[in-house]
*Asks:* 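Sending over a structure as structure tokens; questions will come in a sec.
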2 protein chains.
Amino acid sequence: MAANGRADEVHVEVEARLRHLDQRYTRGRRAIIDLLVSAGRPVSISDVAEGLPDLPLSSAYRHLADLQIAGLVRRVAANDEFARFELAEDLTEHHHHLHCVSCGTVIDFTPSAAFERNVTQTVDKLAETEGFQPHSHRLDVLGLCANCH
Amino acid sequence: MAANGRADEVHVEVEARLRHLDQRYTRGRRAIIDLLVSAGRPVSISDVAEGLPDLPLSSAYRHLADLQIAGLVRRVAANDEFARFELAEDLTEHHHHLHCVSCGTVIDFTPSAAFERNVTQTVDKLAETEGFQPHSHRLDVLGLCANCH
DNA sequence: CTACTTGCAAATGCTTTGCAGGAGA
DNA sequence: TCTCCTGCAAAGCATTTGCAAGTAG
């Protein structure tokens, strides 16, 4: 199954990057990464608690913080006030999010390259007129997911 | 100055909408709305505390919550974990945000109508293929503001 | 062995709420 | 004068951290 292949590649990359920071790729960290890979969308802390019931919450928070610092995980601002996390785009691909305003679920989606080009161009141009130096962008679509309508 | 004219219109609208919910447009609520109008960009709770030092924080939170329920104020998910608030788009116009990753400031910007049309079309189409019913979208640009580079 | 990790429990800090007094209409 | 609003202090709750024991290399 493709997901396993993907997970393996990710593990290799994560381990290398942690090593570079004199950090170890331990069981707990690996479990978090596995969860993020298999979820394929941003997960909340309660998703982690549910998926990894033996991992103490404090460790989950610490792992996620460490992985963020290492640039391997990204915090996603959802519409509710709960933190969500996903693999950094280096480990996946550029994508955006659909946020269900009813149940809070966040789903990944990847628009066409042409659309992305248009967004990037517009962003670069507009941002320059504001004296703003853009690094990246994110597009969130709010609405109701398939389960909620 | 245009801002005063705007503020007046906004006050009238806010008062009417609160009335409709049997709520009063009191000094504290008015102060919050004034702050949001004059800021012209999303403000954090600490911005409120700074701008309205005599307003107790609990009242600020309560006013913002009430105004949100009334559909007059919108909570903005920033990149940091601090809640920010802005006037709802009914009271302003559709726009997006530039987020400074260095100082956290959020700046409004309005892209061209053509661009918006493209975004809306793409969002509608893509979202449908996911069984997702889109209501609205937001585009955040991350980077460095003029003060931070 | 030495440095990084982890668990637990306690602490932190933003946000919310109960309640009694205050104010708008 | 009835209902909504406000302040204060206390509570809630997601998240963080100190510290001592565990473990990778």
*Asks:* Could you state the OH-P distance from B:Tyr61 to D:dT6, rounded to the nearest angstrom?
*Replies:* 17 Å
*Asks:* Quick check on the helix from C:dC1-D:dG25 to C:dA25-D:dT1: what's the angle between its two end axes, five base pairs per end, to the nearest 10°?
*Replies:* 40°
*Asks:* So, for A:Cys103 and A:Cys145, which heavy atoms are closest and what is the spacing to 0.1 Å?
*Replies:* SG-SG, 3.8 Å
*Asks:* Anything under 3.5 Å between a protein N or O and an N or O of nucleotides 8-11 of chain D, put it in a table, one pair a line.
*Replies:*
{"from": "D:dC8", "atom 1": "N4", "to": "B:Arg62", "atom 2": "NH2", "distance (Å)": "3.3"}

*Asks:* Quick test of your reading: applying salt bridge (Lys or Arg N to Asp or Glu O under 4.0 Å), list the pairs with at least one residue in residues 47-71 of chain B, sequence neighbours left out, ordered by first then second residue.
*Replies:* B:Arg29-B:Asp66
*Asks:* So what does A:Leu57 hit on the nucleic acid, given a heavy-atom distance under 4.0 Å: a base, only sugar-phosphate, or nothing?
*Replies:* nothing
*Asks:* Rounded to the Å, how far apart are B:Leu52 CG and D:dT6 C1'?
*Replies:* 15 Å
*Asks:* Between P on D:dG22 and CZ on A:Arg27, what's the gap in Å once rounded to a whole number?
*Replies:* 14 Å
*Asks:* Test side-chain contact (heavy atoms from CB on, under 4.5 Å) on B:Phe85 and B:Val76; report intermediate values, then the result.
*Replies:* CA-CA 6 Å; B:Phe85 303 87; B:Val76 174; over 6 Å; no
*Asks:* Has B:Ser59 got a side-chain N or O lying under 4.0 Å from the OP1 or OP2 atom of D:dT6?
*Replies:* no
*Asks:* Under the side-chain contact (heavy atoms from CB on, under 4.5 Å) rule, collect the residues that match up with A:Ala114, sequence neighbours excluded.
*Replies:* A:Ser112, A:Arg117
*Asks:* Would you please name every residue forming a side-chain contact (heavy atoms from CB on, under 4.5 Å) with A:Ala77, sequence neighbours left out?
*Replies:* B:Ala77
*Asks:* Give me, pair by pair, the N or O atoms of the protein and of nucleotides 2-5 of chain D that are less than 3.5 Å apart, along with how far apart they are.
*Replies:*
{"from": "D:dT3", "atom 1": "O2", "to": "B:Arg24", "atom 2": "NH1", "distance (Å)": "3.1"}
{"from": "D:dT3", "atom 1": "O2", "to": "B:Arg24", "atom 2": "NH2", "distance (Å)": "3.0"}
{"from": "D:dC4", "atom 1": "O4'", "to": "B:Arg24", "atom 2": "NH1", "distance (Å)": "3.1"}
{"from": "D:dC4", "atom 1": "O4'", "to": "B:Arg24", "atom 2": "NH2", "distance (Å)": "3.3"}
{"from": "D:dC4", "atom 1": "O2", "to": "B:Arg24", "atom 2": "NH1", "distance (Å)": "3.2"}
{"from": "D:dC5", "atom 1": "OP1", "to": "B:Arg24", "atom 2": "N", "distance (Å)": "2.9"}
{"from": "D:dC5", "atom 1": "OP1", "to": "B:Arg29", "atom 2": "NH1", "distance (Å)": "2.4"}
{"from": "D:dC5", "atom 1": "OP1", "to": "B:Arg29", "atom 2": "NH2", "distance (Å)": "3.2"}

*Asks:* Under 3.5 Å, is there a donor-acceptor pair between the A:Asn118 and A:Thr122 side chains?
*Replies:* yes
*Asks:* Using the side-chain hydrogen bond (donor to acceptor under 3.5 Å, both in side chains) criterion, which residues pair with A:Ser46? Sequence neighbours excluded.
*Replies:* A:Ser44
*Asks:* Side-chain donor-acceptor contacts of residues 31-43 of chain A below 3.5 Å, not counting sequence neighbours, with atom names and distances?
*Replies:*
{"from": "A:Asp34", "atom 1": "OD1", "to": "A:His11", "atom 2": "NE2", "distance (Å)": "2.7"}
{"from": "A:Ser38", "atom 1": "OG", "to": "A:Asp34", "atom 2": "O", "distance (Å)": "3.1"}
{"from": "A:Ser38", "atom 1": "OG", "to": "A:Leu35", "atom 2": "O", "distance (Å)": "3.3"}

*Asks:* How is B:Ala83 classified with respect to the nucleic acid when contacts are heavy atoms under 4.0 Å: base, sugar-phosphate, or nothing?
*Replies:* sugar-phosphate
*Asks:* Under the side-chain contact (heavy atoms from CB on, under 4.5 Å) rule, what do B:Phe109 and B:Val141 come out as? Steps first, then yes or no, please.
*Replies:* CA-CA 10 Å; B:Phe109 81 92; B:Val141 182; 3.9 Å; yes
*Asks:* May I have all residue pairs that pass side chain to side chain donor-acceptor pair (under 3.5 Å) and include part of residues 96-107 of chain A, sequence neighbours excluded?
*Replies:* A:Glu86-A:His97, A:His94-A:His96, A:His95-A:His97, A:His96-A:Glu116, A:His97-A:Asp108, A:His99-A:Asp140
*Asks:* Map B:Glu15 and A:Gly28 onto DNA chain C by nearest heavy atom, then report which one ends up closer to the 5' terminus.
*Replies:* A:Gly28
*Asks:* Quick one: side chains of residues 14-21 of chain A, donor-acceptor pairs under 3.5 Å with protein atoms, not counting sequence neighbours, listed by atom name and distance.
*Replies:*
{"from": "A:Arg17", "atom 1": "NE", "to": "A:Glu13", "atom 2": "OE2", "distance (Å)": "2.9"}
{"from": "A:Arg17", "atom 1": "NH2", "to": "A:Asp90", "atom 2": "OD2", "distance (Å)": "3.0"}

*Asks:* Which ILVMFWY residues can you reach from B:Leu144 by hopping between side chains whose heavy atoms are under 4.5 Å apart?
*Replies:* B:Val101, B:Leu142
*Asks:* First contact, last contact: which nucleotides of DNA chain C are these for chain B, 5' to 3', heavy-atom distance under 4.0 Å?
*Replies:* C:dC14 to C:dG24
*Asks:* Supply the atom-to-atom distance B:Asp124 CG to B:Gln133 CD, rounded to the nearest 0.5 angstrom.
*Replies:* 10.5 Å
